[in-house]
Student: 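So that we are looking at the same thing, I have put the structure below in structure tokens.
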Amino acid sequence: MATRVYNLYEAKSSFSQLVDRAAGGEEIIIARSGKPVARLGPLRQRAAPRQPGGWEGRVYISEDFDKPLPPEILSSFEGQI
């Protein structure tokens, strides 16, 4: 669908119809003095809620993953090469 530009006054007068058209997939640009200032468009449907888990058996985390870094590696992170 083509994008149509509406001046603010025109958009205020027919806001309900513009919302219906946007809900139908059309993108509406609202302008003030001929300069685009806002976009009215359809909301994207959210994907299904994420389910935790699913990586069992595919990821290995070492027992000492949160152990302090050795000094030679830590100094690189701190910019002391």
Side-chain angles (χ1 to χ4, degrees):
M1 287 185 185
T3 302
R4 174 129 187 253
V5 178
Y6 290 85
N7 281 317
L8 190 57
Y9 177 79
E10 188 180 9
K12 287 194 304 186
S13 300
S14 57
F15 186 69
S16 190
Q17 291 87 1
L18 293 178
V19 168
D20 289 340
R21 289 171 58 184
E26 188 174 344
E27 184 175 273
I28 311 291
I29 302 296
I30 300 173
R32 181 181 290 136
S33 301
K35 186 182 269 187
V37 294
R39 179 182 5 223
L40 181 62
L43 281 177
R44 293 188 182 105
Q45 296 298 320
R46 289 190 170 178
R50 292 178 50 183
Q51 296 295 318
W55 285 91
E56 296 84 358
R58 292 192 261 175
V59 175
Y60 170 76
I61 298 175
S62 175
E63 291 293 325
D64 63 349
F65 82 98
D66 59 350
K67 184 174 107 179
L69 293 172
E72 60 274 7
I73 295 177
L74 184 59
S75 64
S76 295
F77 278 105
E78 294 174 343
Q80 304 168 5
I81 299 173

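In this text the structure is predicted, and so the values were computed from the model without any measurement. In what follows, residues are counted from 1 in the order of the sequence shown.
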Student: Should Val5 and Ile28 be counted in the same cluster of Ile, Leu, Val, Met, Phe, Trp and Tyr side chains packed under 4.5 Å apart?
Tutor: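 No, Val5 does not connect to Ile28 through the hydrophobic network.
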
Student: Treating Ile, Leu, Val, Met, Phe, Trp and Tyr as nodes and any side-chain heavy-atom pair under 4.5 angstrom as an edge, say whether Val37 and Leu40 lie in one connected cluster.
Tutor: no

Student: Looking only at non-hydrogen atoms, find the nearest pair between Ser76 and Glu72 and report the distance.
Tutor: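 Nearest pair, atom of Ser76 first, then Glu72: OG-O, 3.4 Å.
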
Student: Identify the two heavy atoms, one from Gly25 and one from Pro42, that lie closest to each other, and give their separation to 0.1 Å.
Tutor: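 The pair with the smallest heavy-atom distance is CA-CG, 3.8 Å.
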
Student: Does one hydrophobic cluster hold both Phe65 and Val59, with members joined at side-chain heavy-atom distances below 4.5 Å?
Tutor: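 Hydrophobic grouping puts Phe65 with Val59.
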
Student: Closest approach of Asn7 and Ser33, non-hydrogen atoms and distance?
Tutor: OD1-N, 4.5 Å

Student: Show the nearest heavy-atom pair for residues Ala11 and Leu18, with the distance to one decimal.
Tutor: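 Reported closest heavy-atom pair: CA-CD1, 3.6 Å.
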
Student: Is the CG atom of Leu43 crowded by more than 12 outside heavy atoms at less than 6.0 Å?
Tutor: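 It does not: Leu43 CG has 12 such atoms or fewer within range.
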
Student: If you compare all heavy atoms of Asp66 against all heavy atoms of Glu63, which two are closest, and at what distance to 0.1 Å?
Tutor: OD1-O, 4.3 Å

Student: Crowded around Arg58 CZ? As in, over 12 foreign heavy atoms under 6.0 Å?
Tutor: yes

Student: Calculate, to the nearest 0.5 Å, the distance between atoms CD and OH belonging to Gln17 and Tyr6 respectively.
Tutor: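 Those atoms lie 9.5 Å apart.
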
Student: Kindly give the heavy-atom pair with the smallest separation between Ile29 and Arg39, and that separation in Å.
Tutor: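 Minimum heavy-atom separation between Ile29 and Arg39: CD1-CG, 4.0 Å.
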
Student: Is there a donor-acceptor pair under 3.5 Å between the side chain of Glu10 and the backbone N or O of Leu8?
Tutor: no

Student: At what distance, to the nearest 0.5 angstrom, does NZ of Lys12 lie from CD1 of Ile30?
Tutor: 11.0 Å

